[in-house]
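As a basis for the values below, the full set of heavy atoms in this structure was taken, side chains included, without hydrogen atoms, waters or symmetry mates. Each chain gets a letter, A, B and so on, in the order its sequence line appears, and its residues count up from 1.
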Amino acid sequence: MLRTHTCGQLRKTDVGTEVTLCGWVESKRDHGGAVFIDLRDRYGLTQVVVGPPEADAAMIDQAGRVSTESVILIRGNVADRLEGKTNKKLPTGDIEVRSVHFEILNTCETPPFTPSQSDLPGEDLRLKYRFLDLRRPEMLRAMVLRSSIVKAMRDYFAEHDFIDVETPILGRSTPEGARDYLVPSRVHPSKFYALPQSPQLYKQILMVAGFDRYIQVARCFRDEDLRADRQPEFTQLDLEMSFVDSDDVIGLIDGLVAKTAKEILGKEVQLPLPRITYEEAMRRFGHDAPDLRFDMEIVDITSVAAKTEFRVFRGTADAGNFVRGIPVKNAATKYSRRQIDELTEYVKNDFGAKGLAWFRVEDDGTLWSPISKNLEPEHLEEIKTLMAGEPGDLLMFLADTWETTCKGLSGLRRRLASELGLIDPEALNCSWVTEFPMFDKDEETGSWNAMHHPFTAPLASDLELLKDDPSKCRAQAYDLVINGSEAGGGTIRIHDPATQSVVFDLLGIDAETAEDRFGFLLNALKYGAPPHGGIALGIDRWVMLFAGLDNIREVIAFPKTQKAADLMTEAPGGVDKAQLEELFLRTAKVPK
RNA sequence: GGCGCGGUAGCUCAAUUGGUUAGAGCCCCGGACUGUCGAUCCGGAGGUUGCGGGUUCGAGUCCCGUCCGCGUCGCCA
């Protein structure tokens, strides 16, 4: 090692020893006769003094000219700082290193921004110069946190006898799910590999192989549009177990949540984690990953709406749709008409709602609203009672289809909670959502889609519904929800060929297609497949949530932009014509 | 693909109703300085206002298009 210590290491007890430090010039204070340099590495900051008597004029001049973010090596003596000149902000603030040897290992051009500057530059610049951005303590902290979480997970599963197995990145395209990233084959003209959306099929085959307990920290790829919490390539802690039911998997992950919360955040999590069914989640919160850090539960007032003469309410109820709302406590004075208009535009634009009805609970307990004249006092009173409205509350309602009321009210709920500051930033609220539907209906084609994937087992009690009413058939599926974000999801798999073929039928996957796309799995399942199930945890999201951040790019070293570009490497980029020819590829013109 | 926000000096931002030579702080360059830690002081450089078009006597400002970044809906088994 060039150095004897790191920049975060030296203390008063080291005074008198000669040390060598290496690091980056965080800042420089040049007094002419002496130069003070804050030397930074991953571990901290140490003040270096280049001045007499240790340093001669040439060394002082050289130190005075060194540019910020240059990499230097200092040999010198650890010394007490002068009386009253200590820096309480630094762990190393009691000492300084008096340079006897000063060496520039590498210079730094004037950087577009520095890691220590208080005004964070725009994200595009940070991404282009990610190597500078990653020098920032916040980024370093996120990467260290990520490393700790992954290590805690690996340790936990190793303790539970899991085997870490790597599965291929170059696989084959499967029919359902997200859009694939494709890789052309050179030796098989006009054929393509697909990058894995998850190692789903492989891990099931590992169960057939008798591995019993498998994990992998697996990179996954999905060519879909991005979000603040979504990247085109992301990392899952993928897991599969044999001879288990839902409770076994959930119980195992409960233990992981408690362990990581304790080890990483020092937080106690009560086990077992609460579980609610999908049906309950949609009814109470309008979302399958409800944010349980605050209340504002959805209330159904369709029964009252049906009794009114108000056309919007009555018509909705008569059409078999729903009038549902949320009580917004103490918000009446916090939202002006104009702000409520904005919320109305929000539910219209983002969720296709037809409008937003709202009432203010007045001091005398009556409901005031632009539409209250359309409603009888007794009905207003009923609405207030159902919503448990108290003076100062705002009551907001959507009259629409089940799906639209869910989406709109869930969106409102999250937005209002955030705006009203109802969310404790320190909270780590973990829960399970279970009993997802097996299928949802494709509105365009009217056909059934697998809500999770086509190998998901139905609840044993719902087996008959597979034939009678697929829409009511529930799956042995479970999602882990942390702070209103889907942090993991898994299922128990079908291991019985008869059930599998019924499900394929429902999904419109004929025998030939099934054979073509995942015949290898179906084949494997014929050779002694144990009952099995598993889960995949979104590592990027875990880290984001544990870090209290709201953006996944902040916990990924080299993330991509909303258009899936890497601003640093400028990927994706063009390729040579020769490369295309070798792959038997030709690009088509982009339509204007 | 839809909706919304943004793009002005290397960086963070300002610029009145469309009006003179587009400003400030930081950074950078030169100089002074032995106790700073956001060093200080003196001086200086730095602009295709993302790009293209239009309206106007005159556009950073208004209009149209486009590119890029962000948020969100669709999408994400």
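- Residue A:Arg230 places its side chain closer to B:G74 than to any other of B:C37, B:G74, B:C3.
- Taking atom C1' on both B:G23 and B:U16, the two are 14 Å apart, rounded to the nearest angstrom.
- Of the side-chain N and O atoms in A:Lys407, one or more sit less than 4.0 angstrom from OP1 or OP2 of B:G74.
- A:Asp133 has its CG atom 15 Å from the P atom of B:C11, to the nearest Å.
- When the C1' atom is used for both B:C57 and B:C3, the distance is 38 Å, rounded to whole Å.
- Rounded to an integer number of Å, the gap from CD of A:Glu69 to C1' of B:G10 is 15 Å.
- What separates CZ of A:Phe113 from P of B:G25 is a distance of 23 Å, to the nearest Å.
- With hydrogens and angles ignored, a donor-acceptor pair under 3.5 angstrom links the side chain of A:Arg227 to the base of B:G74.
- With salt bridges taken as basic N to acidic carboxylate O contacts below 4.0 Å, none links A:Lys85 and A:Glu96.
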Output a table of donor-acceptor pairs, distance under 3.5 Å, between side-chain atoms of residues 341-349 of chain A and any protein atom two or more places apart or on a different chain; print 'none' if there are none.
unit_1, atom_1, unit_2, atom_2, d
A:Thr344, OG1, A:Ile340, O, 2.8
A:Tyr346, OH, A:Gly411, O, 3.4
A:Asn349, ND2, A:Glu345, O, 3.3

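- Under 4.0 angstrom from either OP1 or OP2 of B:G69 there lies at least one side-chain N or O belonging to A:Thr561.
- With hydrogens and angles ignored, a donor-acceptor pair under 3.5 angstrom links the side chain of A:Asp225 to the base of B:G74.
- Using a 4.0 Å cut-off between charged nitrogen and carboxylate oxygen, A:Asp61 and A:Arg65 count as a salt-bridge pair.
- A salt bridge does not link A:Arg230 with A:Asp225: every distance from a Lys NZ or Arg NE/NH1/NH2 to an Asp or Glu carboxylate oxygen is 4.0 Å or more.
- The pair A:Arg474-A:Asp462 meets the salt-bridge criterion, with a side-chain N (NZ, NE, NH1 or NH2) lying under 4.0 Å from an Asp/Glu carboxylate O.
- Taking a cutoff of 4.0 Å between a charged side-chain nitrogen and a carboxylate oxygen, A:Asp133 and A:Arg136 qualify as a salt bridge.
- Distance A:Glu419 CD to B:G71 C1': 14 Å, rounded to the nearest Å.
- When the P atom is used for both B:G65 and B:G1, the distance is 15 Å, rounded to whole Å.
- Salt bridge absent: A:Lys28 and A:Asp30 never bring a charged side-chain N and a carboxylate O closer than 4.0 Å.
- Pairing for B:C70 goes to B:G4, judged as Watson-Crick or G-U wobble with the two contacts each under 3.5 Å.
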Provide a list of protein-nucleic acid N or O atom pairs under 3.5 angstrom, restricted to nucleotides 31-35 of chain B.
unit_1, atom_1, unit_2, atom_2, d
B:C33, N3, A:Asp30, O, 3.2
B:C33, N3, A:Gly32, N, 3.3
B:C33, N4, A:Gly32, N, 3.4
B:U34, OP2, A:Gly33, N, 3.2
B:G35, O3', A:Lys85, NZ, 3.3
B:G35, O2', A:Lys85, NZ, 3.3
B:G35, O6, A:Arg98, NH1, 2.6
B:G35, N1, A:Glu96, OE2, 2.9
B:G35, N2, A:Glu96, OE1, 2.6
B:G35, N2, A:Glu96, OE2, 3.2

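- The pairing partner recorded for B:U16 is none, the criterion being a Watson-Crick or G-U wobble arrangement whose two distances lie under 3.5 angstrom.
- Rounded to the nearest Å, the gap between the P atom of B:G44 and that of B:U56 is 43 Å.
- A:Ser198 comes within 4.0 angstrom of a base, heavy atoms only.
- The distance between atom NZ of A:Lys28 and atom C1' of B:U40, rounded to the nearest whole Å, is 15 Å.
- Nucleic acid contact for A:Leu120: sugar-phosphate only, since backbone atoms but no base atoms lie under 4.0 Å from a heavy atom of the residue.
- Minimum atom distance to the side chain of A:Thr68 is reached by B:C28, of the listed B:C28, B:C37, B:C75.
- The residue A:Gln562 sits close to a base: some heavy atom pair falls under 4.0 Å.
- Atom CG of A:Asn523 has more than 12 heavy atoms from other residues, nucleotides or ligands within 6.0 Å.
- In the interface, the side chain of A:Arg222 is not paired with the base of B:C76 through any donor and acceptor atom under 3.5 Å apart.
- Side chain of A:Ala228, nearest nucleotide from B:U72, B:C37, B:C28: B:U72.
- For the C1' atom pair drawn from B:G52 and B:A59, the interatomic distance equals 15 Å after rounding to whole Å.
- One atom, NZ of A:Lys560, and another, C1' of B:G69, lie 16 Å apart when rounded to the nearest Å.
- Atom CD1 in A:Ile37 sits about 14 Å away from atom C1' in B:A39, given to the nearest Å.
- Going from the P atom of B:C42 to that of B:C26 covers 11 Å, rounded to whole Å.
- With both ends at atom P, the span from B:A45 to B:G25 equals 14 Å, rounded to whole Å.
- Taking 4.0 angstrom as the limit, A:Lys89 places none of its side-chain polar atoms (N or O) nearer than this to OP1 or OP2 of B:C37.
- Residue contacts for A:Asn551: at a heavy-atom cut-off of 4.0 Å it reaches the sugar-phosphate backbone alone, with no base atom in range.
- When heavy atoms are screened at a 4.0 angstrom cut-off, A:Asn449 is found touching no nucleic acid atom at all.
- Nucleotides of RNA chain B nearest to A:Lys563 and A:Asp440 differ in position, and the one nearer the 5' end is that of A:Lys563.
- Among the heavy atoms of the strands, none lies under 4.0 Å from A:Gln197.
- Along RNA chain B, the nucleotide closest to A:Asp350 and the one closest to A:Arg541 are compared, and the more 5′ of them pairs with A:Asp350.
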Donor-acceptor contacts under 3.5 Å from residues 555-568 of chain A side chains, at least two apart:
unit_1, atom_1, unit_2, atom_2, d
A:Lys560, NZ, A:Glu233, OE2, 2.9
A:Thr561, OG1, A:Lys563, N, 3.4
A:Thr561, OG1, A:Ala565, N, 3.3
A:Asp566, OD1, A:Met568, N, 2.8
A:Asp566, OD1, A:Thr569, N, 3.2
A:Asp566, OD2, A:Thr569, OG1, 3.2

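- Remark: the separation of the P atoms in B:A39 and B:C28 is 10 Å, to the nearest Å.
- A distance below 6.0 Å separates the ring centres of A:Phe455 and A:His453.
- The distance from atom CG of A:Leu412 to atom C1' of B:C73 is 14 Å, rounded to the nearest whole Å.
- Heavy atoms of A:Leu125 sit under 4.0 angstrom from primed sugar atoms or phosphate atoms, though from no base atom.
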